[in-house]
There are 2 protein chains.
Amino acid sequence: MTIQYAILGLLSWKSFSGYELKKLFSNSSLFYWSGNNNQIYVTLLNLNKEKLVTQEIQQQENLPAKKIYSITKKGLTELKKWTLANPELPEIRNAFLIQLAGAHFLSHEELLDLISRYEEELYLALLMEREKAKRDTDHPNRTKRETFLWSMINKNFESFYENEIKWLTLVKKGLPHE
Amino acid sequence: MTIQYAILGLLSWKSFSGYELKKLFSNSSLFYWSGNNNQIYVTLLNLNKEKLVTQEIQQQENLPAKKIYSITKKGLTELKKWTLANPELPEIRNAFLIQLAGAHFLSHEELLDLISRYEEELYLALLMEREKAKRDTDHPNRTKRETFLWSMINKNFESFYENEIKWLTLVKKGLPHE
DNA sequence: GTAGTCATGTAAGACGTTACATGATTCT
DNA sequence: AGAATCATGTAACGTCTTACATGACTAC
């Protein structure tokens with residue numbers, strides 16, 4: 001379970017309510033969890049039980065009350081331990097490649113069509129990443145290093161899609177007509 | 001659940017036992033499921049119940065009996081339907097990027113160390129992909145197209161790691177000393 | 001004799017998504 | 001009138017991994 005570290009990471013920057021975290025998650029490629037209620041709210045309740053975060057209820061006029069979560073010293077220690085730990089390799093799950101692998105009974109036209117539909121989705125995804133990068137101010141930028149790292153994280157996603165598009169071009173070029 | 005289509009795809013090439021499929025899965029980046037028993041054996045039993053595959057028990061001397069699974073016409077129809085369907089975008093889950101995102105409390109040295117540990121893992125993974133590509137004959141290669149597609153699938157993984165390494169180089173170059 | 005391969009299967013639990021439930025306010 | 005946003009939480013289910021269970025044979 002990494003989601004707890006993702007949440008601790010965000011809380012180490014500033015305090016958030018569950019609802020705010022949920023919105024951050026659902027707009028983010030980095031925090032890939034779908035931003036569903038269950039995982040976030042349940043994780044926050046557990047983090048609170050383990051005293052890695054604290055809860056503060058904030059009443060609002062004309063709106064339901066918020067629970068603002070803040071990271072504790074214990075939480076910071078846990079987070080730092082994880083941040084320094086050996087990085088894992090990224091997990092890639094590419095269903096399109098599995099489709100390609102089973103493409104032996106497709107006609108040349110069907111295959112080209114499949115490829116161009118994948119290409120279109122990649123283009124769209126790349127554009128969305130670039131748009132997000134422009135708008136995106138939801139990250140710490142107190143120091144040059146923080147600003148730089150966040151820009152590189154955005155670039156990582158862009159460059160993934162660019163790389164995938166380049167690869168697809170090679171597929172289209174080399175594909176035997178038979 | 002895509003694993004059933006992954007299995008159908010392999011069975012559309014030739015018949016396999018559960019144990020053989022399990023080995024294919026655990027050596028493969030494409031078929032990313034960990035090659036655990038439960039999913040494969042249970043999925044095979046379900047596919048059999050739905051008449052998408054047939055089972056044939058093969059007795060062996062000095063070894064336990066095998067269950068050889070073959071795809072049915074119904075299975076081929078299902079598989080083709082899925083293969084022609086709109087491809088999904090790849091899912092990438094990169095915990096290292098989440099570590100980077102929370103790196104604001106690391107020293108310059110700690111951060112450089114984290115980066116170089118990730119770099120080493122990427123190199124290793126790239127080498128392993130290249131080795132696999134050399135040895136790899138576990139795929140259909142009856143036509144030029146099949147051979148080409150399988151080589152491009154291997155290249156996709158290699159190029160992912162190469163791209164990631166290039167990106168890391170940019171991170172190291174641009175990282176502010178502060 | 002200990003570990004590994006061949007071969008199938010079940011059980012338990014972690015992780016993740018979708019949907020349900022509530023209720024006021026605001027926007028179209 | 002209907003949908004969207006704010007806000008929290010639960011229930012049910014699907015997916016995925018680890019571990020357990022059995023048993024014969026092989027290799028060191």
Side-chain angles (χ1 to χ4, degrees), chain A residues 1-8 15-50 53 55-69 82 88-95 98, chain B residues 1-7 15-50 53-69 82 88-95 98:
Chain A
M1 174 130 109
T2 350
I3 196 175
Q4 61 175 303
Y5 295 109
I7 289 176
L8 285 178
S15 299
F16 288 104
S17 69
Y19 190 74
E20 286 168 323
L21 287 171
K22 190 184 141 183
K23 273 172 60 185
L24 281 175
F25 275 66
S26 55
N27 295 321
S28 163
S29 312
L30 174 62
F31 302 106
Y32 52 82
W33 300 268
S34 70
N36 68 95
N37 285 0
N38 195 322
Q39 258 185 306
I40 292 169
Y41 285 107
V42 169
T43 304
L44 283 170
L45 293 173
N46 285 337
L47 287 173
N48 190 47
K49 215 180 283 169
E50 292 165 43
V53 301
Q55 224 180 40
E56 193 203 333
I57 292 163
Q58 192 182 296
Q59 299 297 335
Q60 300 179 108
E61 283 177 43
N62 303 339
L63 278 176
K66 277 184 186 189
K67 286 187 180 174
I68 308 288
Y69 289 92
W82 178 78
E88 293 161 44
L89 284 173
E91 279 176 55
I92 340 160
R93 305 181 169 195
N94 195 336
I98 298 178
Chain B
M1 174 132 108
T2 352
I3 196 175
Q4 61 174 305
Y5 295 109
I7 289 176
S15 299
F16 288 104
S17 70
Y19 190 74
E20 287 167 323
L21 287 172
K22 189 185 141 183
K23 273 173 60 186
L24 282 176
F25 275 66
S26 55
N27 294 320
S28 164
S29 313
L30 175 63
F31 301 105
Y32 51 82
W33 300 269
S34 71
N36 68 94
N37 284 0
N38 195 321
Q39 257 186 307
I40 291 169
Y41 285 107
V42 168
T43 304
L44 283 170
L45 293 173
N46 285 338
L47 287 173
N48 190 46
K49 215 180 280 169
E50 291 165 41
V53 302
T54 55
Q55 223 181 42
E56 192 200 337
I57 291 162
Q58 193 181 296
Q59 298 297 335
Q60 299 179 107
E61 284 178 42
N62 303 340
L63 277 177
K66 277 183 186 188
K67 286 187 181 176
I68 309 287
Y69 289 92
W82 179 78
E88 293 161 44
L89 284 174
E91 278 176 54
I92 339 161
R93 304 178 170 198
N94 196 337
I98 298 178

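The figures here come from the full heavy-atom set of this structure, side chains too, leaving out hydrogens, waters and symmetry mates. Here is the naming used below: chain letters follow the sequence lines, and residue numbers restart at 1 for every chain.
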To the closest 0.5 Å, what do you measure between OH (A:Y32) and OG1 (A:T2)? 4.0 Å
Closest to the A:K67 side chain: C:dG16, C:dT8, D:dT8? D:dT8
Calculate, to the nearest 0.5 Å, the distance between atoms CD1 and CG belonging to A:I7 and A:L44 respectively. 4.5 Å
Between D:dC6 atom P and A:E20 atom CD, what is the distance in whole Å? 10 Å
Starting at CG of B:L45 and ending at P of C:dA11, how long is that distance when rounded to a whole Å? 13 Å
Using the side-chain heavy atoms of A:N38, tell me which of these nucleotides is nearest: C:dT17, D:dG23, C:dT8. C:dT17
Would you kindly give the CZ-to-C1' distance between B:F25 and D:dT15, to the nearest whole Å? 14 Å
To the nearest Å, how far apart are A:K22 NZ and D:dT8 C1'? 9 Å
side-chain N/O A:K23 vs D:dC6 OP1/OP2, d < 4.0 Å: yes
When B:Y19 and B:N36 are each assigned the nearest nucleotide of DNA chain C, the 5'-most assignment goes to B:Y19
Rounded distance (Å) that lies between atom P of D:dC13 and atom CD of A:Q39: 18 Å
Compare side-chain N and O positions of B:R93 against OP1 and OP2 of C:dG16 and report whether any pair is under 4.0 Å apart. yes
Aromatic rings B:F31 and B:F25: how do their planes relate, parallel, tilted or perpendicular, breaks at 30° and 60°? tilted
Report yes or no: does B:E20 contribute a side-chain atom to a donor-acceptor pair with the main-chain N or O of B:S17 at less than 3.5 Å? yes
Between P of D:dC13 and CG of A:N37, the distance in whole Å: 18 Å
Which of C:dG23, C:dG9, C:dT17 is nearest the side chain of A:W33? It is C:dT17
When the distance from CD of B:Q60 to C1' of D:dG23 is rounded to whole Å, what number comes out? 14 Å
Could you state the CG-P distance from B:N46 to C:dT8, rounded to the nearest angstrom? 16 Å
Quick check on C:dG16: is either OP1 or OP2 less than 4.0 Å from any side-chain nitrogen or oxygen of A:S34? no
OH-CD1 distance between A:Y5 and B:I98, expressed to the nearest 0.5 angstrom: 12.5 Å
Could you check whether B:N62 gets within reach of a base, just the sugar-phosphate, or nothing at all, counting any heavy atom under 4.0 Å? sugar-phosphate
Which one, C:dC6, C:dT18, C:dG23, comes nearest to the side chain of B:L63? C:dC6
